[in-house]
Amino acid sequence: MIPTWRLRAAFARRLSAMYGAEVPAYTTLLEVTGQVNDEAARRDPGAGRLGGTERVAVERHGAVRVGTPRELRQAAQVFAALGMHPVGFYDLRDATTSAVPVVSTAFRPVEPDELDRNPFRVFTSMLTTADRRFFDAALQARLEAFLDRRTLFPPELLTLAGRAEREHGLVPEQAERFLALAVAAFELSREPVDRAWYRELARVSAVAADIGGVTSTHLNHLTPRVLDIDALYRRMADRGITMIDEIQGPPRWDGPDVLLRQTSFRALDEPRTFREPDGSVTTGTLRVRFGEVEARGIALSRAGRARYDALVAETDRRLAGAAADGGATRQDVARPLWEAGFPHSEQRIAAGGLGYFTYAPAAARPRDGRRPPADLAGLLEHGWLTARPIVYEDFLPRSAAGIFTSNLSGQGTRDTARTGTHYDAHRLAEAIGRPVRDPFQLYAAQQDASLRQALDALGADDARRNLCPS
Ligand code: OOG
Ligand code: NI
């Protein structure tokens, strides 16, 4: 039997090989990422603090886009076979002024030991075909009819996926078949694209055309993890690859890495075949795919995230002012705000309840009969507990919207006089037919379990009552 996590690791590996063959710049990105990671690991003894070198070397996230709840349920079945479950809800429709008519979740492992084995995740977006700001009733009907006719995931793949989920793995021959079919489902199709239909949708939204204008889905990008994203950004530019203007997320600064920093480049035009209105088949190009790379930091609590969001908002405000007198970059504006507005050490992030950590009794804790204090700051400061950061495993809506839009050739159109169809995590869960987990709860559960255990081991009863009230 090949267990779930080995299926997941093999899937990520094969997807990476497939994408490298399809998008050569991705191979360059992997090379540079590998060099930068090796250098960072040699230079910085703390490089493994947010995930060991083996994990980071194979760590990827993918992005895929589907059209309907049925397709999303089927994608969820394929991912469930790989031990990847929907986490988080992202509504990108309002995150940008461009037309991005999708709602999204990320399929990923949820258990800490599964994440350690292989953290592969896929950001998965579904078209909101009923949203009147983008699609009128006639276009919605034609779009849904088109989507209902296509098959993204063949029945054999779904049957094998169901079995893999139930039995927590597959025997080798079936595993081989499952992996081959699963990877093929995300390959770029050679099927001719209906030019008129694609163009009609592209007028509304390039994202809608990419999803609903073709008869299959494809991997939009596959993102490796890098330990020093600033070095990577410079080195890719040296190789002649034009990156987007900035690194998204927190600035480079003196304090610890938190959340997620990402940057990307547009993939080149890819040859595709088209069916023209007169029935002839021609060749042309489409440019929809991406190269992206990311650095991951500490998962922030709701309070930490609120602090982050406030810093982003303040950066925006100052940047709007600075635009008038020309030239300051986002990083330049953000850095001093961070230096002044965010704790500079892991310990202070932990003590302030701004980030998630796992706790353990300190080896060198006081052994002179003193009682451990009842508060987290005291336990850390006086050497009773050690805190190890929990890696942020999720995404940021604003960066995600940025990825979508930096890839668009046109803004698309949106009828702002109309209201959008309502979506939230609950409605998305109904569409998927599986629960959508709250990322904050997952991190908190991991943190709380470790804290409870550590305090019990210390016999820190006061702290236990104070910090773990259940
Ligand atoms: C997904 C965009 C989101 C990220 O890294 O934030 C994403 C897409 O373009 O389909 O992948
Ligand atoms: Ni991405």
Side-chain angles (χ1 to χ4, degrees), residues 12 15-16 19 22-23 25-26 29-30 33 59-67 71-72 75 79 84 86-96 98-108 119-128 152 185-186 188 202 205-214 216-226 229 232-233 243-244 246-250 259-267 270 286-297 305 308 312 391-409 412 428 439:
L15 219 49
S16 187
Y19 201 60
E22 289 188 343
V23 180
Y26 169 75
L29 178 64
L30 286 189
T33 300
E59 187 161 349
R60 304 275 186 278
H61 85 249
V64 301
R65 305 159 172 188
V66 299
E71 291 176 354
L72 187 59
F79 293 134
M84 298 157 70
V87 179
F89 169 74
Y90 305 84
D91 192 339
L92 302 182
R93 294 172 298 170
D94 296 315
T96 157
S98 298
V100 181
V102 299
V103 290
S104 317
T105 187
F107 290 90
R108 67 165 177 87
F120 188 53
R121 40 179 107 68
V122 177
F123 192 92
T124 305
S125 302
M126 179 183 74
L127 206 53
T128 53
L152 300 185
F186 297 107
L188 200 63
S205 155
V207 174
D210 180 49
I211 302 173
V214 293
S216 61
T217 186
H218 43 255
L219 195 60
N220 177 275
H221 59 264
L222 195 62
T223 299
R225 181 168 158 197
V226 71
I229 197 168
L232 180 122
Y233 187 95
M243 310 297 283
I244 59 169
E246 60 189 23
I247 296 170
Q248 312 212 24
L259 296 174
L260 184 61
R261 301 180 69 210
Q262 297 180 314
T263 190
S264 60
F265 56 89
R266 266 180 89 163
E270 293 180 296
L286 285 179
R287 179 185 276 214
V288 288
R289 304 211 285 177
F290 240 108
E292 184 192 44
V293 62
E294 67 191 8
R296 291 191 171 263
R305 179 58 178 269
Y308 170 76
V312 170
V391 185
Y392 188 57
E393 304 287 352
D394 295 288
F395 294 87
L396 295 173
R398 179 164 170 147
S399 311
I403 290 290
F404 268 102
T405 52
S406 57
N407 206 18
L408 303 183
S409 5
L428 190 69

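Any value given below was found using the heavy atoms of this structure, including those in side chains, with hydrogens, waters and symmetry copies removed. Start at 1 and go down the list; that is how both ligands and their atoms are numbered.
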Pick out which of Phe79, Tyr90, Phe89 makes a ring-ring contact (aromatic ring centres under 6.0 Å, His included) with Phe123. Tyr90
How far apart are the closest heavy atoms of Leu15 and Phe120, and which atoms are they? CD2-CZ, 3.8 Å
List every atom of ligand 1 that sits less than 4.0 Å from any heavy atom of Ala63, numbering the atoms from 1 in the order shown and giving each element. 1 (C), 8 (C), 10 (O), 11 (O)
As an exercise, identify every atom of ligand 1 less than 4.0 angstrom from a heavy atom of Asn220. 9 (O)
Applying a heavy-atom cut-off of 4.0 Å, say which part of Ala400 lies close to ligand 1: side chain, backbone, both or neither. both
Does any N or O atom in Arg65 lie less than 3.5 angstrom from one in ligand 1, N or O only? yes
Salt bridge Arg121-Glu59, side-chain N to carboxylate O under 4.0 Å: yes
To 10°, measure the NE2(His61)-the Ni ion (ligand 2)-NE2(His221) angle for me. 110°
Restricting to N, O or S, what is the name of the atom of Glu292 that lies nearest the Ni ion (ligand 2)? OE1
Ligand 1 and Glu294, any nitrogen or oxygen pair closer than 3.5 angstrom? no
Keeping Ser125 on the side-chain end and Val103 on the backbone end, is there a donor-acceptor pair under 3.5 Å? no
Asp394 and Leu260 have their tightest heavy-atom pair at O-CD2, 3.6 Å
Check whether any N or O atom of Ser125, backbone or side chain, sits under 3.5 Å from an N or O atom of ligand 1, and answer yes or no. no
Under 4.0 Å from a heavy atom of Glu292: give me the atoms of ligand 1 that qualify, with their elements. 4 (C), 5 (O)
Between His61 and Glu292, is any pair of side-chain heavy atoms under 4.5 Å apart? yes
